[in-house]
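Okay, structure first, notes after.
What you are looking at is a predicted structure, and each value in this text was computed from that prediction instead of being measured. So that the names make sense, note that chain A is the first sequence line, chain B the second, and so on, each numbered from 1.
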Amino acid sequence: GIQVEQSPPDLILQEGANSTLRCNFSDSVNNLQWFHQNPWGQLINLFYIPSGTKQNGRLSATTVATERYSLLYISSSQTTDSGVYFCAVGVTGANSKLTFGKGITLSVRP
Amino acid sequence: GAVVSQHPSWVICKSGTSVKIECRSLDFQATTMFWYRQFPKQSLMLMATSNEGSKATYEQGVEKDKFLINHASLTLSTLTVTSAHPEDSSFYICSAPRTIGDLHFGNGTRLTVT
């Protein structure tokens, strides 16, 4: 099956700093999503981005499908950004089952 | 507010008993829902795809007789962990797509089997 690798596995930032989270995948996909899991376990859909670039406030994401990677940018980080960021991909359609990466644990310190 | 409701949030049960977890889409119809399992500090592993009006599609290695899934209506899917054992203790999460690429998750159920 498809492999999803995320890096770095852990990231510690000072509040206000910027960061880039990376997701590499091993095969062509037609679904790629970024999620944030907060310390209480709740998962929030950040971006549906099988290709191209999107922005939502301090967050933006870019997927270069031909090169099989996606990047999530966090600017001016806040303590509430802490948690685990997952990249997940699907190969059979926009609402297909997803394969998740192992996640990137982000800690933003005040 | 939440668009996918999952209950209970946590449950403690004795070994050998069965536990039912409900996942409801609150303001949309979901012909498909997904059930995941997550161990501490690990990723989400897809257990099965729940299909309204038909049998669930289980991932390889997931025991369908142990993890019973029923998707009897367009807004409700249930996961029943039968004859639970301590190794079934985990965080179970459901999700449902509202529109294309708009996947919503329940808040999860933390199951502890003693």
Side-chain angles (χ1 to χ4, degrees), chain A residues 1-7 9-11 21 23-25 29-52 54 56 61 63 65 70 82-107, chain B residues 1-6 8-11 21 23 25 28-52 56-62 69 77 90-112:
Chain A
I2 193 166
Q3 305 296 312
V4 182
E5 294 184 1
Q6 293 185 245
S7 59
D10 300 281
L11 191 54
L21 286 60
C23 172
N24 292 335
F25 43 96
V29 301
N30 51 25
N31 185 356
L32 188 146
Q33 298 185 43
W34 283 95
F35 301 96
H36 174 230
Q37 187 172 38
N38 68 21
W40 297 272
Q42 184 179 10
L43 279 148
I44 302 296
N45 188 344
L46 298 176
F47 292 103
Y48 166 64
I49 188 164
S51 63
K54 288 185 178 179
N56 184 1
T63 297
S70 182
S82 297
V84 183
Y85 290 81
F86 289 105
C87 167
V89 302
V91 299
T92 55
N95 285 331
S96 60
K97 64 180 185 179
L98 298 174
T99 299
F100 281 72
K102 292 185 177 180
I104 296 170
T105 301
L106 173 65
S107 297
Chain B
V3 296
V4 173
S5 174
Q6 185 173 343
S9 300
W10 58 271
V11 57
I21 303 170
C23 181
S25 57
F28 65 100
Q29 295 181 332
T31 57
T32 300
M33 292 185 178
F34 302 98
W35 286 97
Y36 297 88
R37 183 174 181 176
Q38 186 178 32
F39 290 105
K41 299 190 184 299
Q42 294 192 24
S43 187
L44 279 74
M45 298 298 295
L46 180 66
M47 298 175 66
T49 302
S50 175
N51 305 300
E52 188 270 333
T57 305
Y58 290 82
E59 295 301 301
Q60 190 172 6
V62 177
I69 291 173
S77 175
S90 191
F91 191 55
Y92 294 87
I93 309 171
C94 70
S95 69
R98 185 163 62 175
T99 60
I100 291 177
D102 187 19
L103 189 65
H104 291 269
F105 290 83
N107 285 341
T109 298
R110 197 164 301 280
L111 171 64
T112 302

Counting only heavy atoms closer than 4.5 Å, note whether A:F35 contacts chain B via side chain, backbone, both or neither. side chain

Please state whether the side chain, the backbone, both or neither of B:L44 comes within less than 4.5 Å of a heavy atom of chain A.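 Both parts, heavy atoms under 4.5 Å.
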
Looking at A:Y48, is its backbone amide N or carbonyl O close enough to the side chain of A:K54 to form a donor-acceptor pair, meaning the two atoms are under 3.5 Å apart?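 Here the side-chain-to-backbone pair exists.
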
Is the side chain of A:S51 donor-acceptor paired with the backbone N or O of A:A65 at a distance under 3.5 Å, no angle test? no

Looking at chain A, which one of B:K41, B:Q42, B:E59 has the largest number of heavy-atom pairs inside 4.5 Å, strictly under?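 It is B:E59.
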
If we ignore angles and hydrogens, is there a donor and acceptor under 3.5 Å between the side chains of A:Q37 and B:Q38?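 Yes, B:Q38 and A:Q37 have a side-chain donor paired with an acceptor closer than 3.5 Å.
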
Between A:H36 and A:N38, is there a side-chain donor-acceptor contact under 3.5 Å, judged purely by atom types and distance? no

